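What follows is a set of notes on a single structure, which appears directly below.
The structure displayed is predicted, hence computed values, not measured ones. Naming: A, B, ... by sequence-line order, numbering from 1 per chain.
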Protein chains: 2
Amino acid sequence: MPDTFVSNPSFFKLDATLKKLRNYWQKMFDAHQKDITVDQWLLIENLYKHKKTTHNELARNTSKDITTISRIIELLVKKGLVKREADVYDRRKVYLQLTPEGVEKYKDVKSLVYDMRKIGWKTLTETDYAELTRILDTIYANIP
Amino acid sequence: MPDTFVSNPSFFKLDATLKKLRNYWQKMFDAHQKDITVDQWLLIENLYKHKKTTHNELARNTSKDITTISRIIELLVKKGLVKREADVYDRRKVYLQLTPEGVEKYKDVKSLVYDMRKIGWKTLTETDYAELTRILDTIYANIP
DNA sequence: AAACAATAGTTGCCATAGCAACAGTTGCTA
DNA sequence: TAGCAACTGTTGCTATGGCAACTATTGTTT
(Lines give C-alpha, C1' and ligand atoms only; values in the text may rest on other atoms or scores of the structure.)
Protein backbone atom coordinates (compact mmCIF):
# COMPACT_ATOMS: atom_id res chain seq x y z
CA MET A 1 0.00 0.00 0.00
CA PRO A 2 1.48 3.30 -1.09
CA ASP A 3 2.15 6.00 1.43
CA THR A 4 -0.45 8.32 -0.08
CA PHE A 5 -3.14 6.09 1.38
CA VAL A 6 -1.92 6.73 4.86
CA SER A 7 -0.82 10.33 4.82
CA ASN A 8 -3.56 11.79 2.67
CA PRO A 9 -6.71 13.08 4.26
CA SER A 10 -9.50 10.89 2.87
CA PHE A 11 -11.37 11.07 6.18
CA PHE A 12 -11.14 14.83 6.05
CA LYS A 13 -12.33 14.96 2.44
CA LEU A 14 -15.35 12.78 3.16
CA ASP A 15 -16.21 14.94 6.13
CA ALA A 16 -15.80 18.22 4.26
CA THR A 17 -17.85 17.07 1.25
CA LEU A 18 -20.65 15.72 3.38
CA LYS A 19 -20.79 18.90 5.46
CA LYS A 20 -20.97 21.08 2.36
CA LEU A 21 -23.73 18.88 0.90
CA ARG A 22 -25.71 18.88 4.14
CA ASN A 23 -25.32 22.63 4.42
CA TYR A 24 -26.50 23.26 0.90
CA TRP A 25 -29.54 21.02 1.38
CA GLN A 26 -30.44 22.74 4.64
CA LYS A 27 -30.11 26.21 3.12
CA MET A 28 -32.39 25.17 0.26
CA PHE A 29 -34.91 23.66 2.69
CA ASP A 30 -34.88 26.92 4.64
CA ALA A 31 -35.09 29.10 1.54
CA HIS A 32 -38.20 27.19 0.43
CA GLN A 33 -39.67 27.18 3.95
CA LYS A 34 -39.84 23.42 4.18
CA ASP A 35 -39.48 23.64 7.98
CA ILE A 36 -37.50 20.42 8.36
CA THR A 37 -33.85 19.45 8.80
CA VAL A 38 -31.91 17.23 6.41
CA ASP A 39 -31.95 14.30 8.82
CA GLN A 40 -35.66 14.73 9.47
CA TRP A 41 -36.09 14.51 5.71
CA LEU A 42 -34.10 11.27 5.56
CA LEU A 43 -36.48 9.70 8.09
CA ILE A 44 -39.57 10.98 6.28
CA GLU A 45 -38.26 9.54 3.02
CA ASN A 46 -37.63 6.22 4.69
CA LEU A 47 -41.03 6.14 6.35
CA TYR A 48 -42.68 6.90 3.03
CA LYS A 49 -40.95 3.95 1.41
CA HIS A 50 -41.55 1.49 4.23
CA LYS A 51 -44.97 2.71 5.29
CA LYS A 52 -44.80 1.13 8.74
CA THR A 53 -41.60 0.48 10.67
CA THR A 54 -40.15 0.42 14.17
CA HIS A 55 -37.42 2.60 15.69
CA ASN A 56 -34.98 -0.26 15.37
CA GLU A 57 -35.64 -0.85 11.68
CA LEU A 58 -35.42 2.85 10.97
CA ALA A 59 -32.08 3.01 12.77
CA ARG A 60 -30.71 0.17 10.66
CA ASN A 61 -32.07 1.61 7.43
CA THR A 62 -30.64 5.07 8.01
CA SER A 63 -27.34 4.23 9.75
CA LYS A 64 -28.43 6.28 12.72
CA ASP A 65 -28.17 5.59 16.42
CA ILE A 66 -31.46 4.42 17.91
CA THR A 67 -31.40 7.24 20.45
CA THR A 68 -31.08 9.73 17.61
CA ILE A 69 -34.06 8.10 15.87
CA SER A 70 -36.05 8.35 19.08
CA ARG A 71 -35.40 12.08 19.33
CA ILE A 72 -35.94 12.94 15.66
CA ILE A 73 -39.22 10.98 15.69
CA GLU A 74 -40.27 12.95 18.75
CA LEU A 75 -39.77 16.17 16.76
CA LEU A 76 -41.65 14.79 13.76
CA VAL A 77 -44.54 13.70 15.98
CA LYS A 78 -44.68 17.20 17.47
CA LYS A 79 -44.81 18.60 13.94
CA GLY A 80 -47.72 16.27 13.18
CA LEU A 81 -45.85 14.47 10.40
CA VAL A 82 -45.48 11.07 12.07
CA LYS A 83 -47.71 9.04 14.35
CA ARG A 84 -46.83 6.27 16.76
CA GLU A 85 -48.91 3.14 17.10
CA ALA A 86 -48.40 0.45 19.73
CA ASP A 87 -48.10 -3.16 18.63
CA VAL A 88 -51.03 -5.22 19.88
CA TYR A 89 -49.01 -8.40 20.37
CA ASP A 90 -45.69 -7.01 21.60
CA ARG A 91 -46.19 -4.08 23.88
CA ARG A 92 -42.52 -3.12 23.69
CA LYS A 93 -42.86 -2.31 20.01
CA VAL A 94 -44.04 0.98 18.58
CA TYR A 95 -44.90 1.22 14.91
CA LEU A 96 -44.15 4.49 13.14
CA GLN A 97 -45.86 5.84 10.07
CA LEU A 98 -46.41 9.11 8.27
CA THR A 99 -49.62 11.02 8.95
CA PRO A 100 -51.47 12.44 5.91
CA GLU A 101 -49.57 15.68 6.60
CA GLY A 102 -46.35 13.66 6.61
CA VAL A 103 -47.15 12.16 3.22
CA GLU A 104 -47.92 15.64 1.93
CA LYS A 105 -44.60 16.92 3.30
CA TYR A 106 -42.82 14.07 1.54
CA LYS A 107 -44.39 14.93 -1.79
CA ASP A 108 -43.75 18.63 -1.26
CA VAL A 109 -40.04 18.25 -0.51
CA LYS A 110 -39.37 15.41 -2.93
CA SER A 111 -39.08 17.48 -6.10
CA LEU A 112 -36.72 19.94 -4.45
CA VAL A 113 -34.52 17.07 -3.31
CA TYR A 114 -34.66 15.58 -6.79
CA ASP A 115 -33.25 18.78 -8.26
CA MET A 116 -30.62 19.19 -5.56
CA ARG A 117 -29.26 15.69 -6.00
CA LYS A 118 -28.33 16.57 -9.54
CA ILE A 119 -26.30 19.60 -8.45
CA GLY A 120 -23.43 17.64 -6.95
CA TRP A 121 -23.21 15.44 -10.03
CA LYS A 122 -23.50 17.99 -12.77
CA THR A 123 -19.93 17.56 -14.06
CA LEU A 124 -19.61 13.85 -13.35
CA THR A 125 -20.50 10.77 -15.37
CA GLU A 126 -22.46 7.66 -14.59
CA THR A 127 -19.18 5.77 -14.37
CA ASP A 128 -18.02 8.22 -11.70
CA TYR A 129 -21.15 7.50 -9.73
CA ALA A 130 -20.61 3.76 -9.99
CA GLU A 131 -16.97 4.22 -8.94
CA LEU A 132 -17.84 6.27 -5.89
CA THR A 133 -20.46 3.74 -4.87
CA ARG A 134 -18.02 0.87 -5.28
CA ILE A 135 -15.21 2.56 -3.35
CA LEU A 136 -17.42 3.71 -0.47
CA ASP A 137 -19.01 0.26 -0.21
CA THR A 138 -15.55 -1.30 -0.09
CA ILE A 139 -14.31 1.06 2.61
CA TYR A 140 -17.49 0.40 4.58
CA ALA A 141 -16.97 -3.34 4.27
CA ASN A 142 -13.29 -3.07 5.24
CA ILE A 143 -13.94 -1.43 8.59
CA PRO A 144 -14.30 -3.90 11.47
CA MET B 1 -27.89 12.76 -16.45
CA PRO B 2 -29.24 9.26 -15.80
CA ASP B 3 -31.86 8.71 -13.18
CA THR B 4 -29.54 6.66 -10.99
CA PHE B 5 -27.77 9.88 -10.06
CA VAL B 6 -30.90 11.28 -8.61
CA SER B 7 -32.62 8.35 -7.02
CA ASN B 8 -29.60 6.62 -5.56
CA PRO B 9 -28.49 7.45 -2.08
CA SER B 10 -25.02 8.95 -2.46
CA PHE B 11 -25.61 11.33 0.43
CA PHE B 12 -26.64 8.43 2.58
CA LYS B 13 -23.62 6.36 1.54
CA LEU B 14 -21.20 9.18 2.34
CA ASP B 15 -22.85 9.66 5.71
CA ALA B 16 -22.87 5.96 6.57
CA THR B 17 -19.24 5.42 5.56
CA LEU B 18 -18.01 8.45 7.46
CA LYS B 19 -19.94 7.43 10.57
CA LYS B 20 -18.51 3.94 10.49
CA LEU B 21 -14.98 5.31 10.03
CA ARG B 22 -15.38 7.83 12.83
CA ASN B 23 -16.79 5.16 15.10
CA TYR B 24 -13.96 2.78 14.42
CA TRP B 25 -11.36 5.47 15.09
CA GLN B 26 -13.04 6.48 18.33
CA LYS B 27 -13.27 2.90 19.55
CA MET B 28 -9.57 2.42 18.82
CA PHE B 29 -8.69 5.67 20.60
CA ASP B 30 -10.71 4.50 23.60
CA ALA B 31 -9.26 0.99 23.54
CA HIS B 32 -5.76 2.46 23.64
CA GLN B 33 -6.71 5.04 26.27
CA LYS B 34 -5.76 8.00 24.12
CA ASP B 35 -8.33 10.14 25.94
CA ILE B 36 -9.26 12.27 22.93
CA THR B 37 -12.07 12.35 20.37
CA VAL B 38 -11.58 12.01 16.62
CA ASP B 39 -12.22 15.70 16.02
CA GLN B 40 -9.89 16.70 18.82
CA TRP B 41 -7.27 14.60 17.06
CA LEU B 42 -7.89 16.39 13.77
CA LEU B 43 -7.16 19.72 15.46
CA ILE B 44 -4.06 18.41 17.21
CA GLU B 45 -2.77 17.08 13.89
CA ASN B 46 -3.40 20.44 12.26
CA LEU B 47 -1.77 22.39 15.07
CA TYR B 48 1.27 20.14 14.87
CA LYS B 49 1.66 20.86 11.18
CA HIS B 50 1.06 24.59 11.40
CA LYS B 51 2.74 25.20 14.74
CA LYS B 52 0.98 28.50 15.38
CA THR B 53 -2.45 29.42 14.02
CA THR B 54 -5.63 31.31 14.88
CA HIS B 55 -9.18 29.99 15.38
CA ASN B 56 -10.12 31.31 11.96
CA GLU B 57 -7.29 29.58 10.13
CA LEU B 58 -7.96 26.36 11.98
CA ALA B 59 -11.62 26.54 10.97
CA ARG B 60 -10.69 26.97 7.32
CA ASN B 61 -8.11 24.19 7.44
CA THR B 62 -10.43 21.66 9.04
CA SER B 63 -13.76 22.57 7.43
CA LYS B 64 -15.22 23.19 10.85
CA ASP B 65 -17.43 25.97 12.10
CA ILE B 66 -15.50 28.58 14.07
CA THR B 67 -17.77 28.08 17.08
CA THR B 68 -16.96 24.38 17.01
CA ILE B 69 -13.24 25.21 16.89
CA SER B 70 -13.69 27.54 19.86
CA ARG B 71 -15.27 24.77 21.92
CA ILE B 72 -12.89 21.98 20.96
CA ILE B 73 -9.92 24.25 21.69
CA GLU B 74 -11.43 24.99 25.12
CA LEU B 75 -11.46 21.24 25.82
CA LEU B 76 -7.88 20.82 24.58
CA VAL B 77 -6.71 23.74 26.74
CA LYS B 78 -8.38 22.12 29.76
CA LYS B 79 -6.53 18.90 28.95
CA GLY B 80 -3.27 20.87 28.83
CA LEU B 81 -2.60 19.97 25.19
CA VAL B 82 -3.00 23.45 23.69
CA LYS B 83 -2.13 26.91 24.88
CA ARG B 84 -3.55 30.27 23.83
CA GLU B 85 -1.37 33.30 23.28
CA ALA B 86 -2.64 36.82 22.63
CA ASP B 87 -1.31 38.74 19.63
CA VAL B 88 0.71 41.74 20.72
CA TYR B 89 -0.35 43.93 17.80
CA ASP B 90 -3.98 42.88 17.34
CA ARG B 91 -5.67 42.22 20.63
CA ARG B 92 -8.61 40.50 18.94
CA LYS B 93 -6.36 37.69 17.76
CA VAL B 94 -5.43 34.64 19.77
CA TYR B 95 -2.67 32.34 18.58
CA LEU B 96 -3.00 28.64 19.29
CA GLN B 97 -0.20 26.13 19.63
CA LEU B 98 0.44 22.72 21.11
CA THR B 99 2.02 22.52 24.54
CA PRO B 100 4.89 20.04 25.02
CA GLU B 101 2.20 17.63 26.27
CA GLY B 102 0.24 18.31 23.08
CA VAL B 103 3.26 17.48 20.93
CA GLU B 104 3.73 14.31 22.93
CA LYS B 105 0.06 13.40 22.44
CA TYR B 106 0.46 13.94 18.71
CA LYS B 107 3.41 11.60 18.52
CA ASP B 108 1.68 9.05 20.74
CA VAL B 109 -1.51 8.89 18.65
CA LYS B 110 0.13 9.30 15.25
CA SER B 111 1.26 5.70 14.80
CA LEU B 112 -2.14 4.35 15.77
CA VAL B 113 -3.76 6.65 13.21
CA TYR B 114 -1.22 5.58 10.62
CA ASP B 115 -2.25 1.96 11.06
CA MET B 116 -5.96 2.72 11.08
CA ARG B 117 -5.84 4.70 7.87
CA LYS B 118 -4.66 1.58 6.10
CA ILE B 119 -7.61 -0.48 7.33
CA GLY B 120 -10.21 1.22 5.16
CA TRP B 121 -8.00 0.87 2.10
CA LYS B 122 -6.78 -2.66 2.50
CA THR B 123 -8.61 -4.03 -0.55
CA LEU B 124 -8.35 -0.92 -2.70
CA THR B 125 -5.69 0.33 -5.11
CA GLU B 126 -3.88 3.59 -5.49
CA THR B 127 -6.04 4.31 -8.53
CA ASP B 128 -9.13 3.90 -6.36
CA TYR B 129 -7.75 6.44 -3.96
CA ALA B 130 -7.09 8.91 -6.76
CA GLU B 131 -10.60 8.32 -8.13
CA LEU B 132 -12.26 8.93 -4.78
CA THR B 133 -10.24 12.09 -4.30
CA ARG B 134 -11.16 13.35 -7.76
CA ILE B 135 -14.87 12.60 -7.40
CA LEU B 136 -15.18 14.09 -3.92
CA ASP B 137 -13.28 17.20 -5.01
CA THR B 138 -15.60 17.57 -7.98
CA ILE B 139 -18.74 17.20 -5.89
CA TYR B 140 -17.34 19.73 -3.43
CA ALA B 141 -16.64 22.18 -6.24
CA ASN B 142 -20.09 21.65 -7.78
CA ILE B 143 -22.00 22.68 -4.69
CA PRO B 144 -22.83 26.41 -4.59
C1' DA C 1 -12.10 62.89 16.38
C1' DA C 2 -16.76 60.65 16.07
C1' DA C 3 -19.42 57.43 13.73
C1' DC C 4 -19.58 53.47 11.44
C1' DA C 5 -18.07 49.05 9.26
C1' DA C 6 -15.30 45.02 9.50
C1' DT C 7 -12.98 41.44 12.08
C1' DA C 8 -11.90 37.82 15.98
C1' DG C 9 -13.73 35.25 19.11
C1' DT C 10 -17.45 33.73 22.64
C1' DT C 11 -22.03 32.37 24.20
C1' DG C 12 -26.86 30.75 23.72
C1' DC C 13 -29.85 27.85 21.43
C1' DC C 14 -31.30 23.80 19.01
C1' DA C 15 -30.24 19.47 16.30
C1' DT C 16 -27.55 15.26 15.60
C1' DA C 17 -24.24 11.34 17.45
C1' DG C 18 -23.07 7.97 20.66
C1' DC C 19 -22.51 5.82 25.18
C1' DA C 20 -24.44 4.24 29.63
C1' DA C 21 -28.13 3.49 32.54
C1' DC C 22 -32.77 2.71 32.97
C1' DA C 23 -37.91 0.82 32.63
C1' DG C 24 -40.95 -2.14 30.78
C1' DT C 25 -41.94 -6.30 28.21
C1' DT C 26 -41.23 -10.83 26.40
C1' DG C 27 -39.10 -15.36 26.08
C1' DC C 28 -36.39 -18.97 27.92
C1' DT C 29 -34.99 -22.05 31.38
C1' DA C 30 -34.06 -24.18 35.65
C1' DT D 1 -43.55 -20.65 38.06
C1' DA D 2 -39.66 -17.92 39.52
C1' DG D 3 -35.62 -16.03 37.76
C1' DC D 4 -33.01 -14.39 34.31
C1' DA D 5 -31.64 -13.03 29.67
C1' DA D 6 -32.89 -10.62 25.64
C1' DC D 7 -35.26 -7.04 23.47
C1' DT D 8 -37.52 -2.17 22.67
C1' DG D 9 -37.45 2.23 23.58
C1' DT D 10 -36.37 6.49 26.61
C1' DT D 11 -33.46 9.64 29.31
C1' DG D 12 -29.06 11.77 30.90
C1' DC D 13 -24.67 13.20 29.66
C1' DT D 14 -21.06 14.91 26.67
C1' DA D 15 -19.32 16.25 22.02
C1' DT D 16 -19.86 18.27 17.44
C1' DG D 17 -22.37 21.43 13.95
C1' DG D 18 -24.50 25.64 12.61
C1' DC D 19 -26.98 29.98 13.17
C1' DA D 20 -27.73 34.40 15.55
C1' DA D 21 -26.52 37.65 18.82
C1' DC D 22 -23.04 39.57 21.45
C1' DT D 23 -18.35 41.87 23.14
C1' DA D 24 -14.12 43.72 22.15
C1' DT D 25 -11.03 45.51 19.04
C1' DT D 26 -9.36 47.49 14.74
C1' DG D 27 -9.94 49.98 10.34
C1' DT D 28 -12.37 53.35 7.49
C1' DT D 29 -15.02 57.32 6.43
C1' DT D 30 -16.58 61.77 6.94
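- Screening A:Thr53, A:Leu81, A:Leu42 against A:Leu47 for a side-chain contact (heavy atoms from CB on, under 4.5 Å) leaves a single residue, A:Thr53.
- Distances shown here put every side-chain N or O of B:Asn23 at or beyond 4.0 Å from the OP1 or OP2 atom of C:dA17.
- Taking side-chain N and O atoms only, A:Lys27 has no distance below 4.0 Å to OP1 or OP2 of D:dG18.
- Using a 30° and 60° split on the angle between ring planes, A:Phe11 and B:Trp25 fall in the parallel class, below 30°.
- Using a cutoff of 4.0 Å between basic side-chain nitrogens and carboxylate oxygens, B:Glu101 and B:Lys83 are not scored as salt-bridged.
- Map B:Leu75 and A:Glu74 each onto its nearest nucleotide of DNA chain D; the residue landing nearer the 5' end is A:Glu74.
- Rounded to an integer number of Å, the gap from CG of B:Asp87 to P of D:dA24 is 19 Å.
- Put simply, CG on A:Asp39 is 5 Å from P on C:dA17, counting in whole angstrom units.
- Base pairing analysis places D:dT30 opposite C:dA1; the two distances defining the Watson-Crick or G-U wobble pair are each below 3.5 Å.
- A straight line from CG of A:Asp15 to P of D:dG17 spans 6 Å, rounded to a whole angstrom.
- As rounded to whole Å, 16 Å separates atom P of D:dG18 from atom CH2 of A:Trp25.
- By the criterion of side-chain heavy atoms lying less than 4.5 angstrom apart, applied directly or through intervening Ile, Leu, Val, Met, Phe, Trp or Tyr residues, B:Leu75 is not grouped with B:Leu58; the two fall into different hydrophobic clusters.
- Applying the 4.0 Å criterion to OP1 and OP2 of D:dT16, one finds that B:Gln40 has a side-chain N or O inside that range.
- Rounded to an integer number of Å, the gap from A:Lys78 NZ to C:dC14 P is 11 Å.
- Between A:Glu131 and A:Arg134, at least one side-chain nitrogen of the basic residue sits less than 4.0 Å from a carboxylate oxygen of the acidic one, meeting the salt-bridge criterion.
- Atom CZ of A:Arg84 and atom C1' of D:dG9 are 10 Å apart (whole Å).
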Start with the C-alpha distance between B:Asp65 and A:Lys19, add both sets of side-chain angles, then the distance that settles salt bridge (Lys or Arg N to Asp or Glu O under 4.0 Å), and finish with yes or no. CA-CA 10 Å; B:Asp65 196 271; A:Lys19 255 185 242 170; over 6 Å; no

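- Residue A:Leu18 contributes atom CG, which lies 12 Å from atom C1' of C:dT16 at whole-angstrom precision.
- Between the CZ atom of B:Phe29 and the C1' atom of C:dG18 there is a distance of 16 Å, given to the nearest Å.
- A heavy-atom distance below 4.0 Å to DNA chain D is reached by these residues of residues 51-73 of chain A, ordered by number: A:Thr54, A:His55, A:Asn56, A:Thr67, A:Ser70, A:Arg71.
- At least one donor-acceptor pair closer than 3.5 Å links the side chain of A:Asp128 to the backbone N or O of A:Thr125.
- Taken together through direct or relayed side-chain contacts under 4.5 Å among Ile, Leu, Val, Met, Phe, Trp and Tyr, A:Ile143 and B:Met116 form part of one hydrophobic cluster.
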Please lay out, stage by stage, how A:Glu74 and A:Arg84 fare under the test salt bridge (Lys or Arg N to Asp or Glu O under 4.0 Å). CA-CA 10 Å; A:Glu74 177 64 23; A:Arg84 299 192 183 98; 2.6 Å; yes

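- Of the residues in residues 89-97 of chain A, those placing a heavy atom less than 4.0 Å from an atom of DNA chain C are A:Tyr89, A:Asp90, A:Arg91, A:Arg92, in numerical order.
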